[in-house]
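Report on the structure given below.
To find a chain, count down the sequence lines: A is the first, B the second, and so on, and within it residues start at 1.
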Amino acid sequence: MNSGMIGSKWPEKWYEEDVCQVARHLLGAVLVHVTENTVYAGRIVETEAYGGTYHGWPDDAAHSYHGRTARTEPMFQSGGCSYVYQIYGMYYCMNVVTGRAGSGEAVLIRAVEPLSGLDDMFRNRNMDNRTRSPYHLTNGPGKLCQAMEITKSQNQLDLCGDELYIAEPVMRQPLQIACSARIHVDYAEKGKTFPWRYYIENSKSVSRP
DNA sequence: TATCCGATTAGCT
DNA sequence: GCTAATCGGATAG
């Protein structure tokens, strides 16, 4: 691995900020998953905030909106916890829980730029690494979990631990950050218009421009 | 118990 | 742009 790109692990305090602020702060940071055989790492280029309030409206697009259940329990932990859920019966999505305990806020990691473990990522995604572009490896929330072997086994983990964590890049470059409405939340009457999707402009690894 | 449906993706038109 | 795949959680009865 090119460990030169990966700096120190995020301190717990950084997860306790406002969910939208953390969603922006995560852009450019590095998601790391350490498994028995592989160290997966990817530079985060696209996020979405869930569970906050916007001009006084609660976020009806968030899983936590309908209350605390077995599935959404991790969302109500204090900031710095993982929340991994299965979607459409076949994919997983990974979130970074933020805020204080009970707030029900989390940031969905929607896309990363692969940094380490690429050979295994290609294999996990059933892609031929000689002909397929790395830009198709992890440019979606389900894709990055499949590539980086993130499943329900990684649900409700302490992100200040050694298995799954966020690291600060050694050098933070100035980023051009864009925002938009979130993807696939048409079911949410209010939340569908909240501009809570953030991404690095011009990144080739975002799920859509 | 039964039914509905999703913070997605890939493949096809 | 359209849709099948596929199943656990949320909800209604």
In numerical order, the residues of residues 88-103 of chain A whose heavy atoms come under 4.0 Å of DNA chain C are A:Y88, A:G89, A:M90
Would you say a side-chain N or O of A:K192 is under 4.0 Å from OP1 or OP2 of B:dA7? no
Name every donor-acceptor pair, under 3.5 Å, that has one atom in a side chain of residues 186-197 of chain A and the other anywhere in the protein, sequence neighbours excluded.
residue, atom, partner, partner atom, Å
A:Y187, OH, A:A61, O, 2.9
A:T193, OG1, A:K190, O, 3.2
A:R197, NE, A:E46, OE2, 2.8
A:R197, NH1, A:S180, OG, 3.2
A:R197, NH2, A:E46, OE2, 3.2
A:R197, NH2, A:R208, O, 2.7

Residue set satisfying side-chain contact (heavy atoms from CB on, under 4.5 Å) with A:R100, at least two apart, ordered chain then number -> none
Which residues pass the side-chain hydrogen bond (donor to acceptor under 3.5 Å, both in side chains) test with A:E73, not counting sequence neighbours? A:R68, A:Q77
Separation of the C1' atoms in B:dA10 and C:dG8, to the nearest angstrom: 22 Å
Go through the structure and list residues passing salt bridge (Lys or Arg N to Asp or Glu O under 4.0 Å) with A:E105, not counting sequence neighbours. none
Any side-chain N or O of A:H184 below 4.0 angstrom from OP1/OP2 of B:dG6? no
Indicate whether OP1 or OP2 belonging to B:dA7 is found under 4.0 Å from a side-chain N or O atom of A:R197. no
Starting at atom NE2 of A:H63, determine the distance to atom C1' of B:dT8, rounded to an integer number of angstrom. 12 Å
Of A:M148, A:R125, A:R110, which meets side chain to side chain contact (heavy atoms under 4.5 Å, CB included) against A:K143? A:R125
In terms of side-chain heavy atoms, does A:Y50 have a donor or acceptor partner in A:E48 at a distance below 3.5 Å? yes
Taking salt bridge (Lys or Arg N to Asp or Glu O under 4.0 Å) as the definition, give me every residue that meets it alongside A:E168, ordered by chain and number, with sequence neighbours left out. A:R172
Starting from C1' on B:dA7, measure out to CD on A:E46 and report it in whole angstrom. 11 Å
Provide, to the nearest angstrom, the distance between the OH atom belonging to A:Y83 and the P atom belonging to C:dG8. 15 Å
Compute whether any side-chain donor of one residue and acceptor of the other, for A:D120 and A:T38, lie under 3.5 angstrom apart. yes
Worked check of side-chain contact (heavy atoms from CB on, under 4.5 Å) between A:Q146 and A:Y92: CA-CA 7 Å; A:Q146 187 179 27; A:Y92 294 95; over 6 Å; no
Contact residues, residues 19-29 of chain A to DNA chain B [heavy atom, < 4.0 Å]: none
Distance test, side-chain N/O of A:R125 to OP1/OP2 of B:dT9, below 4.0 Å: no
Examine A:V97 and A:F76 and state if one hydrophobic cluster contains both, with Ile, Leu, Val, Met, Phe, Trp and Tyr joined whenever side-chain heavy atoms are less than 4.5 Å apart. yes
ILVMFWY network linking A:M75 to A:Y65, side-chain heavy atoms under 4.5 angstrom: no
Output the rounded distance in Å from CZ (A:R110) to C1' (B:dT9). 11 Å
Enumerate all atom pairs, one protein N or O and one N or O from nucleotides 1-4 of chain B, separated by less than 3.5 Å.
none

Listing request: all ring-ring contact (aromatic ring centres under 6.0 Å, His included) pairs with a residue in residues 105-139 of chain A, at least two apart in sequence or in separate chains. none
Carboxylate-amine/guanidinium contact A:R24 A:D18, below 4.0 Å: no
Tell me the ring-ring contact (aromatic ring centres under 6.0 Å, His included) pairs involving residues 22-42 of chain A, sequence neighbours left out? A:W10-A:H25, A:W14-A:H25
Least distance between heavy atoms, A:T138 atom then A:P114 atom: OG1-CD, 3.3 Å
Would you kindly give the CZ-to-C1' distance between A:R182 and B:dT8, to the nearest whole Å? 17 Å
Checking A:N155, A:L157, A:V84 against A:I150 for side chain to side chain contact (heavy atoms under 4.5 Å, CB included), the one that qualifies is A:V84
DNA chain C-proximal residues of residues 67-79 of chain A, any heavy atom under 4.0 Å: A:T69, A:R71
To the nearest angstrom, how far is A:Y187 atom OH from C:dA10 atom P? 13 Å
As a check on the pairing definition, encode DNA chain C in dot-bracket form, counting Watson-Crick and G-U wobble pairs whose two distances are under 3.5 Å, and using | for partners outside this strand. |||||.||||||.
Are OP1 or OP2 of C:dG9 and a side-chain N or O of A:K152 less than 4.0 angstrom apart? yes
Find out whether A:I44 and A:I109 are in side-chain contact, i.e. whether some heavy atom of one side chain is under 4.5 Å from a heavy atom of the other. yes
Between B:dT8 atom P and A:I87 atom CD1, what is the distance in whole Å? 6 Å
Below 3.5 Å, does any donor atom in the side chain of A:H66 face an acceptor in the base of C:dA10, or the other way round? no
Using a 4.0 Å heavy-atom cut-off across all strands, classify A:E48 as base, sugar-phosphate, or nothing. nothing
In whole angstrom, give the distance that lies between atom OH of A:Y85 and atom C1' of C:dC7. 15 Å
